[in-house]
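Read the structure below first, then the notes.
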There are 2 protein chains.
Amino acid sequence: MFSQSEENYIKTIYHLAAISDKGISTNSIAKKLNTKASSVTDMIKKLSDKEVVVYKKYQGVTLTDFGKKTAANIIRKHRLWEVFLVEKLDFSWDEVHEVAEQLEHIKSPKLIDELDSFLGYPKRDPHGDPIPDKEGNLPQIQKSLLATLEKNEKGVCVGVNDTSSEFLRFLDKQEIGLGQDIEVLDKEPFDDSYLVKINGKEMTISNKVANNIYIQKN
Amino acid sequence: MFSQSEENYIKTIYHLAAISDKGISTNSIAKKLNTKASSVTDMIKKLSDKEVVVYKKYQGVTLTDFGKKTAANIIRKHRLWEVFLVEKLDFSWDEVHEVAEQLEHIKSPKLIDELDSFLGYPKRDPHGDPIPDKEGNLPQIQKSLLATLEKNEKGVCVGVNDTSSEFLRFLDKQEIGLGQDIEVLDKEPFDDSYLVKINGKEMTISNKVANNIYIQKN
DNA sequence: AATAATTTTTAGGCTTATCTAAAAATTATT
DNA sequence: AATAATTTTTAGATAAGCCTAAAAATTATT
């Protein structure tokens, strides 16, 4: 059984490993967790003793298979709770993160499986991210950044990269959401902005925005 | 904002105060929380600094109004989560306590009110205990122990005193539950047991059991 | 390759919440 | 009332998780 703090480290290492494929540096963990490198070193030693990570001084850490499974389980809980909050308690997608951060640490053999069943075994969380199954398998969904679309290519919005409430509220304001059809009508070389049609509505979106929306090409 | 540990002390003092009406002793808190008297003294000092309790050395503690409101809020969360677990996630009434102990510490301005609404503003938890409202008001329900019924008196089962899973599972086995009609057919002086009719079924129950079932006379 | 810059680790402290053991105060008993 | 028993508090430790500052190792730059 892991403490909340340990779980937060495990989850963070998992997320960082998903982008970097090298050993995860002490500093990057510290940055993500808003803590100090020295605290990370301490915790890493503990997680290494518990065989959650492989650690060699000055070389960053890697999750063991056990560590990966543990991480997937925490993420499963986090995302299922997010679905619950949005579907059942009328939270909007920019409000769920903070609460799910707390709920993901609840320990109960029965709770999560019942919640999963209650929610109808959802495959994605409110931001389009896949929900790991009981065994910790996370179906890797094929998705691309909207920014990779060429002129006249089309796709469906399937996720977001930035999940900050600022960005999510911005998307709400623009009426951009999951499941919507997106077509790139033109790309503007001057500022790398995009002229797009989203759900039938024409609009211009910045390069930054285009780099934070995931689509599935069609 | 209080730590989980502080919240547990506050809740415990509240529950003890509900039975004893005198100042709550250090030892009684220690016993309930499975901790040592010295730890209780430490925590009491802290809660006193935070104006949650009134404390004079060697004289036990009393909750302030602020403390009572805080306690009611924790209990509100605990009981609403219990309703959720039973009504929505198919937990039985003997399985909910442990998980609710964890869930009651989740901090979110929005979560509990939405949960309350989602559950249809329940008035009682699965054990028949009243759920405090937002303001911390706890409707005091008029109830008596089954043991106080005389021969030929009738009532409805509205709660339990002992909420241990052993007792609750025993009640399930006997098919005794909330809302059921109970009539005392006879009292046996030899062992102070009761011959009762519960939901149309005649049975004998021990004095101990009769002292752990709450009824409303009718 | 030597030096500079950066990253990581170590050393030593702090806070929270716990503990044991001993001292102090209160309550009960003779 | 004096002594015994009990309760409560104090004193001093411990563990988890964090911190700052300094040392050590690694990486980058000249």
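Proteins come first, then strands; the chains are lettered A, B, ... in the order of their sequence lines, and each starts at number 1. Keep in mind that the numbers below use all heavy atoms, side chains included, and drop hydrogens, waters and symmetry copies. Because the structure is a prediction, the values reported are computed rather than measured.
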Atom [atom1] of [X] to atom [atom2] of [N]: distance rounded to whole Å?
X	N	atom1	atom2	value
Lys22(B)	dT27(C)	NZ	P	11 Å
Met43(B)	dT9(D)	CE	P	15 Å
Lys45(A)	dA11(C)	NZ	C1'	10 Å
Ile29(A)	dT8(C)	CD1	C1'	12 Å
Asp49(B)	dT15(C)	CG	P	14 Å
Ile44(A)	dT10(C)	CD1	P	11 Å
Asp42(B)	dT14(D)	CG	C1'	13 Å
Tyr58(A)	dT8(C)	OH	C1'	5 Å

Measuring to OP1 and OP2 of [N], would you say a side-chain N or O of [X] lies under 4.0 angstrom away?
X	N	answer
Ser5(B)	dT16(C)	no
Ser3(B)	dT16(C)	no
Ser39(B)	dC19(C)	yes
Lys36(A)	dT20(D)	yes
Lys57(A)	dA24(D)	no
Asn27(B)	dT6(D)	no
Thr35(B)	dC19(C)	yes
Tyr55(B)	dT9(D)	yes

Position toward the 5' end of DNA chain D (nearest nucleotide), Gln59(A) or Ala37(A): Ala37(A)

Salt-bridge criterion met for Arg76(A) and Asp116(A) (N-O under 4.0 Å): yes

Arg124(B) and Asp129(B) ion-paired at < 4.0 Å: no

Find the partner of [N]: check Watson-Crick (N1-N3 plus N6-O4 or O6-N4) and G-U wobble (N1-O2, O6-N3) distances, both under 3.5 Å, and reply none if neither fits.
N	result
dA15(D)	dT16(C)
dA21(D)	dT10(C)
dA28(D)	dT3(C)

From Asn8(A), Asn73(A), Ile112(A), Val99(A), residue fulfilling side chain to side chain contact (heavy atoms under 4.5 Å, CB included) relative to Glu104(A): Asn8(A)

Can the positive tip of [X] be found less than 6.0 Å from the middle of the six-membered ring of [Y], inside 45° of the ring normal?
X	Y	value
Lys110(B)	Phe91(A)	yes
Lys88(A)	Phe118(A)	yes
Lys187(A)	Tyr194(A)	no

N/O donor-acceptor pair, side chain Ser38(B) with base dT20(C), under 3.5 angstrom: yes

Selection from dC18(D), dT9(D), dT9(C) that lies nearest to any side-chain heavy atom of Tyr9(A): dC18(D)

